[in-house]
2 protein chains.
Amino acid sequence: MNEEKGPLARAEAEEYASWFKALADATRIQIVSLLARRRAPMSVGEIVAASGVGQSTVSHHLKILAEVRFVLVERQATSSLYRINEACVSCFPTAADVVMGKPVPAAPTCE
Amino acid sequence: MNEEKGPLARAEAEEYASWFKALADATRIQIVSLLARRRAPMSVGEIVAASGVGQSTVSHHLKILAEVRFVLVERQATSSLYRINEACVSCFPTAADVVMGKPVPAAPTCE
DNA sequence: ATCGTTAATCGACGATAGTCGATGAAGGGA
DNA sequence: TCCCTTCATCGACTATCGTCGATTAACGAT
C-alpha cells in the first residue's frame, strides 16, 4: 500500500521509534507485565514494592508509559492508580506494520 | 496462561526489551522500511545513499538488526547484501504478547 | 495547624547508544 | 603487483537514558 521510492520520512520513522522505545527497557516491561497480571489498577507504592527499583524511577517509567497511552492513570485522593490501556495494547505497532508500510498509529487516538 | 504472582523475571524482561530495542531507533526504522520496499536485497552502499547517514553508521545499525535476525546478510565477493528476514518479522513480539505473558520468542529460532 | 503519607519533580551521576571520520581487511581488475 | 572498490571495525565525541537521593506538592487525619 505504501509505494514511495525513497526511504520512510524521518518524522514518521521517529514516531514509529517512539512507540518501540516505550517498551525498550526491562524495567518498563516488568511494570507492564505486572499491571497486566493484576487485573485491578495498582498504586505507585505497590508497583515500587513489586519491581525492586526506587520510587522516583518507577514514577519516571510510568510517565513514559503514560505518554504513549500504554497505561492510564487515575489520580485518587492520596495515590495514583495505574492500569493497562487495553485499547493501546492492540493499536501498538508490530514489526510487520513497519515492514508493510502501515501508517504510524497516533498515540492520542487510542484512549 | 502465565499466572505467577510476582513481576516478570528480570532476565525475561531484558530479552523482551532487546527485541523492542532493535526497532527503537529512527534510523533503523528507516533501514528496515527501505529494505522492505525494495523487494530485492540491497548492498550497504545503496542503503547509505538512500538513508542519508554515514557508511559506518549504516553498518553499525545493520549489525544490530542482524543480531536479532531481523535482517539477513549474504556476503558476496565485494559487497554485502542485506534483506528482510520475513520469518523474524512475524515472530517479533507484540505489545499484546507482553501483556498476555507470552514467552519471549528466541532470536535464533527464526532463521 | 501540624504531621504523615503518597507520588511527582529536580539535580546529579554513570552507563549506554548514535554518529562520525579514519583505519583496516578482503577481493576484483588492470 | 598495485590500485580501487566495498564494507567492517576502531576510537572519539556527544546526546540520551536509567537510576538514585532529596525535595516539593497535594491531601487526610489528628
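Throughout, protein chains are lettered first and strands after them, A, B, ... in sequence-line order, and every chain is numbered starting at 1. If you're wondering where the values come from, they're calculated on a predicted model, not measured in any experiment.
Rounded to whole angstrom, the span from the NZ atom of B:K63 across to the C1' atom of D:dT9 amounts to 8 Å. The nearest whole Å value for the distance from the CD atom in B:Q30 to the P atom in C:dG18 is 14 Å. Put simply, CZ on A:F20 is 19 Å from C1' on C:dG18, counting in whole angstrom units. For A:H60 and C:dA8, the NE2 to P distance is 12 Å, given to the nearest whole Å. B:L62 places its CG atom 13 Å from the C1' atom of D:dT6, with the value rounded to the nearest Å. Remark: C1' of C:dA17 and CG of B:L23 are 16 Å apart, rounded to the nearest angstrom. Going from atom OH of B:Y82 over to atom C1' of D:dA8 covers 8 Å, rounded to whole Å. Counting to the nearest Å, the C1' atom of D:dA8 and the CD atom of B:Q55 are 7 Å from each other.
Among the atoms of the strands shown, only primed sugar atoms or phosphate atoms (P, OP1, OP2) are found under 4.0 Å from some heavy atom of B:H61. A:V58 comes within contact range of no nucleotide atom at all, as no heavy-atom separation falls under 4.0 Å. Among the atoms of the strands shown, only primed sugar atoms or phosphate atoms (P, OP1, OP2) are found under 4.0 Å from some heavy atom of A:S80. Within the nucleic acid shown, A:S79 comes within 4.0 Å of sugar-phosphate atoms alone, with no base atom in reach, counting heavy atoms only.
For the pair A:K21 and A:G52, both in contact range of DNA chain D, the more 5′-proximal nearest nucleotide belongs to A:K21. Map B:V44 and A:R28 each onto its nearest nucleotide of DNA chain D; the residue landing nearer the 5' end is B:V44. Place A:S43 and B:D25 on DNA chain C by their nearest nucleotides, and A:S43 ends up nearer the 5' end.
B:S59 has a side-chain polar atom (N or O) that falls below the 4.0 Å cut-off from OP1 or OP2 of D:dA8.
Listed candidates were D:dT5, C:dT19, C:dG18. Nearest to the side chain of B:T27 is C:dT19. Out of C:dG27, D:dC17, C:dA7, the shortest distance to the side chain of B:A77 is found at C:dG27. Comparing D:dA8, D:dT19, C:dA8 by their nearest atom to the side chain of A:R75 picks out C:dA8. Here C:dC20 is the nucleotide among C:dA7, C:dC20, D:dT6 with the atom lying nearest to any side-chain atom of B:T57.
Taking every heavy atom of both residues into account, A:E12 and A:P103 meet most closely at OE2-CA, 4.0 Å. Taking every heavy atom of both residues into account, A:I31 and A:H61 meet most closely at CD1-CB, 3.8 Å. Between A:P105 and A:W19, the closest heavy-atom pair is O-NE1, 2.9 Å.
Under 3.5 Å, the side chain of B:S56 and the base of C:dG21 form at least one donor-acceptor pair of N or O atoms.
Using a distance-only test at 3.5 Å, with no hydrogens or angles considered, a donor-acceptor pair links the side chain of B:E46 to the main chain of B:S43. Looking at A:N85, its side chain does come within 3.5 Å of a backbone N or O of A:R69 through a donor-acceptor pair.
Put simply, A:M42 and A:V73 are part of the same group of oily side chains (I, L, V, M, F, W, Y) that touch within less than 4.5 Å, one to the next.
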